[in-house]
Amino acid sequence: MLSPGNNSLQSASFFLTGFRGLENLHGLISIPFCTIYLTVIVGNITILQVIRTDATLHEPMYYFLAMLALTDLGLCFSTLPTVLGIFWFEVREIGIPACFTQLFFIHTLSLVESSVLLSMSIDRYVAICNPLRYGTLLTPGRIVKMGLCSVSRSALLILPLPFLLKRFHYCRSHVLAHAYCLHLEIMKLACSSITVNHIYGLFVVACTVGVDSLLIFLSYALILRTVLSIASHEERLKALNTCVSHICAVLLFYIPMIGLSLVHRFGEHLPRIVHLLMSYVYLLVPPLMNPIVYSVKTKQIRQRIIKKFLSVRGLSSNRQG
């Protein structure tokens, strides 16, 4: 294999990194990662299958949940090949076109997740603050348009990044710190000024995550005002309980994102392992935990999953009998 310092290769490839210094333990380290990836895939496919096959779940809230599950699956499959490629086969080299493609999908899907969480907060706002018009405002057609707008906005804003990176000459080391490609990391390897990339990156974050988080906060402020005006204590709790799963999903997405941003900005003195773990937490924890949270906290989803499990178990018992 060519070394990362080989000049003939530097114009065509980057080199990914697993856990530096622990290469001999990559086989063992791959076990929890395989478990996480398998759980993400099984959990989100289960959510999608339950929503698809149960007519009682063909409602706006569950359509948005299906969008979230699809986004989480996309994020999972965006990083899985390179992460497991390093841990299992020590395949570190990735071509620049493949790297930029992976970068595009990782960042696009992260922004789509933010947009879907905003759509879900709008769903909760309409359901609680304007319940009589819930069915007429959030029709299947409008839900599809909201989903398409989320994907289009994210893809169009991320699309310039690979082209901005492509114009650079990379004269420094082509060794990346992670097992996947990220804009911020590749940008730092460039020899020339990266001011345009910095400014555009901040613009994208402000236009998407910044606006989305502000609108989510505003929607919950209005929801809380409406809930507090309800006379019955039981009805207040019932209304708030429908928001618990979504609040958990919002926290699971934004807390790791904020933590990773703080580590990148102010954590130069921290051990490299902290940066590495925070990046994995940001990309893997939301897809891992979202189906678990919705399965545990949403009664309808939990009941349908148990019903499916019992029916499958019954079929296997009948076959054995």
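In this text, all values refer to a predicted model and were calculated from it rather than measured experimentally.
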Subject >> Side-chain (H26) to main-chain (F19) donor-acceptor, under 3.5 angstrom >> reply: yes
(Q) Assess the residue pair R20 and V175 against the criterion (side chain to side chain contact (heavy atoms under 4.5 Å, CB included)); give the C-alpha distance rounded to whole Å, side-chain angles, the decisive distance to 0.1 Å, and a yes or no. (A) CA-CA 11 Å; R20 192 174 297 169; V175 179; 3.9 Å; yes
Indicate, with yes or no, if the rings of F14 and H174 have centres closer together than 6.0 Å.
yes
Only residue of Y125, F64, Y220 satisfying ring pair (Phe, Tyr, Trp, His ring centres under 6.0 Å) with H246 is Y220
Answer yes or no: is there a donor N or O on one side and an acceptor on the other, between the side chain of R52 and the main chain of A66, under 3.5 Å?
no
Test of ring centre spacing under 6.0 Å for F77 and F105:
no
Joint hydrophobic cluster, L202 plus L182, side-chain heavy atoms closer than 4.5 Å
no
Here the gap from C149 atom SG to R142 atom CZ, rounded to the nearest 0.5 Å, amounts to 12.5 Å
**Message:** Are Y37 and L284 packed together at the side-chain level, in the sense that at least one heavy-atom pair is separated by less than 4.5 angstrom?
**Reply:** yes
CD1 (I186) and SG (C181) are apart, to the nearest 0.5 Å, by 4.5 Å
Taking the six-membered ring for Trp, are the ring centroids of Y280 and F33 within less than 6.0 Å of each other?
yes
- prompt: Does the side chain of D123 pick up a donor-acceptor pair with the side chain of Y63 at under 3.5 Å?
  reply: no
*For V126, does its backbone N or O pair with a side-chain atom of N130 as donor and acceptor, under 3.5 Å?*
no
Using a 4.5 Å cut-off on heavy atoms from C-beta on, say whether the side chain of L215 contacts that of S121. no
- Would a 4.5 Å heavy-atom cut-off, applied to side chains only, mark I255 and V250 as touching? no
The single option from Q300, R304, Q303 that satisfies side chain to side chain donor-acceptor pair (under 3.5 Å) with T56 is R304
Practice item. Decide side-chain hydrogen bond (donor to acceptor under 3.5 Å, both in side chains) for R153 and S115; before the verdict, give the C-alpha distance in whole Å, the side-chain angles of both, and the deciding distance to 0.1 Å. Key: CA-CA 9 Å; R153 181 189 72 161; S115 298; 2.5 Å; yes
Heavy-atom nearest pair, T101 first then P97, reads OG1-O, 2.8 Å
Checklist entry - So, does S114 use its side chain to make a donor-acceptor pair with the main chain of S110 at under 3.5 Å? => result no
Just wondering, do Y134 and P60 contact through their side chains at under 4.5 Å, heavy atoms?
yes
Practice prompt. Ignoring hydrogens and angles, tell me if any N or O in the side chain of Y200 forms a donor-acceptor pair with the backbone of L157 under 3.5 Å.
Written response: yes
Task: L176 backbone acceptor or donor facing T17 side chain under 3.5 Å - done: yes
R167 CZ: over 12 foreign heavy atoms closer than 6.0 Å: yes
Tested for side-chain contact (heavy atoms from CB on, under 4.5 Å) against T108, the lone hit among L111, I106, V112 is V112
Q.
So P287 and L73, do their side chains get closer than 4.5 Å, heavy atoms only?
A. no
Treat each ILVMFWY residue as a node, draw an edge where side-chain heavy atoms are under 4.5 Å apart, and state whether L22 and F89 are in one component. yes
**E93 versus S13, side-chain donor and acceptor atoms under 3.5 Å** = yes
ask   = Can you find a pair of side-chain heavy atoms, one from I216 and one from Y254, that are under 4.5 Å apart?
value = yes
Hydrophobic cluster identity match, L117 and V144, side-chain contacts under 4.5 Å: no
Applying a strict under-4.5 Å side-chain criterion to I, L, V, M, F, W and Y, I'd like to know whether I292 and L283 cluster together. yes
Problem - From CA spacing to verdict: side-chain hydrogen bond (donor to acceptor under 3.5 Å, both in side chains), T53, K308 - result: CA-CA 10 Å; T53 57; K308 289 278 184 186; 3.0 Å; yes
Show the numbers, then the answer: is there a side-chain hydrogen bond (donor to acceptor under 3.5 Å, both in side chains) between Q102 and S78? CA-CA 6 Å; Q102 184 184 50; S78 295; over 6 Å; no
Main-chain N/O of T226 paired with S229 side-chain donor or acceptor, under 3.5 Å: yes
Heavy atoms of L276 and H178 approach each other most closely as CD1-CD2, 3.5 Å
Backbone of A179 reached by a side-chain donor or acceptor of T82 within 3.5 Å: yes
- Identify whether V40 and V42 are in the same connected component of the hydrophobic contact network (ILVMFWY, side-chain heavy atoms under 4.5 Å). no
Is the side chain of E59 donor-acceptor paired with the backbone N or O of L57 at a distance under 3.5 Å, no angle test? no
d(Q49 CD, D54 CG) to nearest 0.5 Å is 11.0 Å
Note, L161 side chain near F100 side chain (heavy atom, < 4.5 Å): no
Tightest non-hydrogen contact, residues G18 and F87, listed as CA-CE2, 4.4 Å
In terms of heavy-atom contacts, R302 and V296 come closest through NH1-O, 2.6 Å
Heavy atoms of S295 and I301 approach each other most closely as CA-CG2, 4.0 Å
So do the side chains of S279 and L260 get within less than 4.5 Å of each other, counting heavy atoms only? yes
Does one side chain, of S219 or R124, offer a donor that lies under 3.5 Å from an acceptor on the other?
no
Note: T298 and S245 closest approach over all heavy atoms is OG1-OG, 3.2 Å
### H183 side-chain N/O to L103 backbone N/O, donor-acceptor pair under 3.5 Å
no
